[in-house]
A.B. asks: 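Okay, here's the structure, questions in a sec.
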Amino acid sequence: QLNVRLELIDGSNPPLFETLTLDSVQSGPSGVTGSALRGGLLLEPGQDFVSLCHGWVLVGDFVRHRVVERNIISGETGATYPFNTAPDQFTLDKDNNLVYMTVFPESERLYKLDLVSGNITSARLTQTFTNELLDFSYTYGFALRDVALGEGGNIFALLFDGVGRDPENQLPFAESGLWMGLLNTNGEFLIESLPLLDPIRIEYDPVQDHVFLATESNLAT
């Protein structure tokens with residue numbers, strides 16, 4: 001990861017450039033603000049963040065594979081949580097001081113950061129479906145794509161199985177490979193997952209008790 005500044009040499013054909021600077025990419029507070037937003041802070045390259053309190057946010061460092069607390073107002077750095085892969089999407093359970101994470105590349109695991117202990121743990125996502133008529137069962141290994149906090153610390157999850165359809169055994173494979181699951185805090189399935197049609201994001205409305213699923217062009221509940 002390098003940061004390079006080049007200057008075009010006038011009259012060169014084909015274009016030639018002179019290297020002005022060549023150094024490592026700098027992440028974290030730099031003192032440089034963005035005038036378009038009337039104040040901003042350079043942070044780690046990341047895919048998502050969650051707001052904590054009093055200007056503090058938790059961001060995923062996509063390059064250095066870690067989770068970092070930053071204060072967007074003061075520029076202060078808080079706790080840093082080393083990780084073994086690149087964090088992707090975050091969901092905060094503020095009542096239990098937990099952050100649930102997906103990762104890139106996607107994994108068959110639910111990752112959980114305990115903000116009190118600082119520990120990051122994971123649980124493998126598998127679920128067994130049974131066809132009672134054929135006396136046959138099959139266990140899915142689900143890759144996690146997105147999460148949303150539900151009731152009582154439970155988690156709605158957008159899942160991908162990557163197996164496809166199994167018409168011979170008439171098992172409930174989703175044609176798109178996408179499913180919605182409901183997990184507890186340990187990554188255990190609470191209900192049988194539902195096959196879906198192309199969702200890319202999931203959110204939960206605790207007031208109306210609705211789950212919202214977004215595709216590239218539509219919303220569904």
Side-chain angles (χ1 to χ4, degrees), residues 27-30 33-34 37-123 125 142-160 180-188 190 199-214 219:
S27 66
S30 66
T33 59
L37 297 176
R38 300 204 178 277
L41 192 66
L42 292 181
L43 297 172
E44 289 75 9
Q47 300 298 312
D48 199 10
F49 73 95
V50 289
S51 175
L52 301 176
C53 62
H54 304 294
W56 286 97
V57 297
L58 195 71
V59 297
D61 188 336
F62 208 71
V63 174
R64 292 173 176 81
H65 294 183
R66 59 184 184 173
V67 180
V68 185
E69 292 177 354
R70 302 284 190 199
N71 192 301
I72 200 68
I73 298 173
S74 67
E76 183 181 355
T77 300
T80 299
Y81 308 96
F83 204 23
N84 59 7
T85 187
D88 193 3
Q89 299 298 310
F90 287 177
T91 292
L92 173 66
D93 180 355
K94 62 181 180 181
D95 292 335
N96 296 299
N97 293 309
L98 298 173
V99 176
Y100 296 98
M101 299 180 290
T102 68
V103 298
F104 181 86
E106 61 190 26
S107 168
E108 293 182 354
R109 290 185 176 275
L110 171 68
Y111 287 88
K112 178 174 63 177
L113 166 61
D114 187 323
L115 293 174
V116 177
S117 68
N119 294 329
I120 297 178
T121 57
S122 67
L125 301 180
F142 284 116
L144 187 63
R145 290 200 168 174
D146 197 18
V147 288
L149 187 66
E151 301 284 354
N154 293 328
I155 308 140
F156 289 101
L158 190 59
L159 307 162
F160 178 70
M180 184 186 74
L182 180 63
L183 312 171
N184 65 17
T185 185
N186 295 318
E188 299 166 337
L190 298 176
I200 58 175
R201 285 289 179 264
I202 187 169
E203 293 291 344
Y204 176 65
D205 177 1
V207 177
Q208 297 295 327
D209 295 323
H210 276 64
V211 178
F212 293 87
L213 297 164
L219 283 173

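Numbering of residues begins at 1 and proceeds along the displayed sequence.
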A.B. asks: Closer than 3.5 angstrom, by distance alone: can the side chain of Thr185 be matched with the main-chain N or O of Gly153 as a donor-acceptor pair?
C.D. replies: no
A.B. asks: Which pair of heavy atoms, one from Gly187 and one from Ala123, lies closest together, and at what distance?
C.D. replies: CA-CB, 4.2 Å
A.B. asks: With a 4.5 Å cut-off on side-chain heavy atoms, are Leu110 and Leu125 touching?
C.D. replies: yes
A.B. asks: Within a strict 4.5 Å, meaning less than it, do heavy atoms of the Ile155 and Thr91 side chains meet?
C.D. replies: no
A.B. asks: About how many Å separate CH2 of Trp56 and CG of Asn71, when rounded to the nearest 0.5 Å?
C.D. replies: 5.0 Å
A.B. asks: Considering all heavy atoms of both residues, which atom of Tyr204 and which atom of Gly150 are nearest to each other, and what is their separation?
C.D. replies: CD2-CA, 3.7 Å
A.B. asks: What are the two closest non-hydrogen atoms of Asp61 and Val63, and how far apart are they?
C.D. replies: OD1-N, 3.0 Å
A.B. asks: For Leu158 and Arg201, work out which heavy atoms get closest and say how close.
C.D. replies: CD2-N, 3.9 Å
A.B. asks: When rounded to the nearest 0.5 angstrom, what distance separates CG in Leu115 from CG in Leu58?
C.D. replies: 6.5 Å
A.B. asks: Working to the nearest 0.5 angstrom, can you tell me the gap between Arg145 CZ and Phe104 CZ?
C.D. replies: 11.0 Å
A.B. asks: Evaluate the side chain to side chain contact (heavy atoms under 4.5 Å, CB included) criterion for residues Leu144 and Leu159: first the C-alpha distance (whole Å), next the side-chain angles of each, then the deciding distance (0.1 Å), finally the verdict.
C.D. replies: CA-CA 5 Å; Leu144 187 63; Leu159 307 162; 3.8 Å; yes
A.B. asks: Using the rule given for side chain to side chain contact (heavy atoms under 4.5 Å, CB included), can you reason through Leu92 versus Leu52, listing the C-alpha separation, both sets of side-chain angles and the distance that settles it, and then say yes or no?
C.D. replies: CA-CA 8 Å; Leu92 173 66; Leu52 301 176; 4.3 Å; yes
A.B. asks: Kindly compute the distance separating CE (Met101) from OG (Ser122), expressed to the nearest 0.5 Å.
C.D. replies: 9.5 Å
A.B. asks: Counting only heavy atoms not in Phe90, do more than 12 fall under 6.0 Å of its CZ?
C.D. replies: yes
A.B. asks: Consider side chain to side chain contact (heavy atoms under 4.5 Å, CB included). Of Ile120, Asn119, Asn97, Thr121, which one does Leu113 pass it with?
C.D. replies: Ile120
A.B. asks: I need the Asp205 CG to His210 NE2 distance, nearest 0.5 Å.
C.D. replies: 8.0 Å
A.B. asks: I'd like to know if the side chain of Asn184 reaches the main chain of Asn186, judged simply by a donor and an acceptor atom lying under 3.5 Å from each other, with no hydrogens or angles considered.
C.D. replies: yes
A.B. asks: Between Glu151 and Asp209, is there a side-chain heavy-atom distance shorter than 4.5 Å?
C.D. replies: yes
A.B. asks: Hey, could you give me each pair passing ring pair (Phe, Tyr, Trp, His ring centres under 6.0 Å) that has a residue in residues 65-86? Not counting sequence neighbours.
C.D. replies: Phe83-Tyr111
A.B. asks: How many angstroms lie between atom CD1 of Ile202 and atom CG of Leu213, to the nearest 0.5 angstrom?
C.D. replies: 5.0 Å
A.B. asks: For the residue pair Pro87 and Gly60, what are the closest heavy atoms and their distance?
C.D. replies: CG-CA, 3.6 Å
A.B. asks: For residues 107-120, which residue pairs qualify under salt bridge (charged side-chain N to carboxylate O under 4.0 Å, His left out), counting only residues two or more places apart or in two chains?
C.D. replies: Glu108-Arg124
A.B. asks: Considering non-hydrogen atoms only, spot the tightest contact between Thr85 and Pro105 and give its length.
C.D. replies: OG1-CD, 4.4 Å
A.B. asks: Hey, does the side chain of Glu69 reach the backbone of Ala79 with a donor-acceptor pair shorter than 3.5 angstrom?
C.D. replies: yes
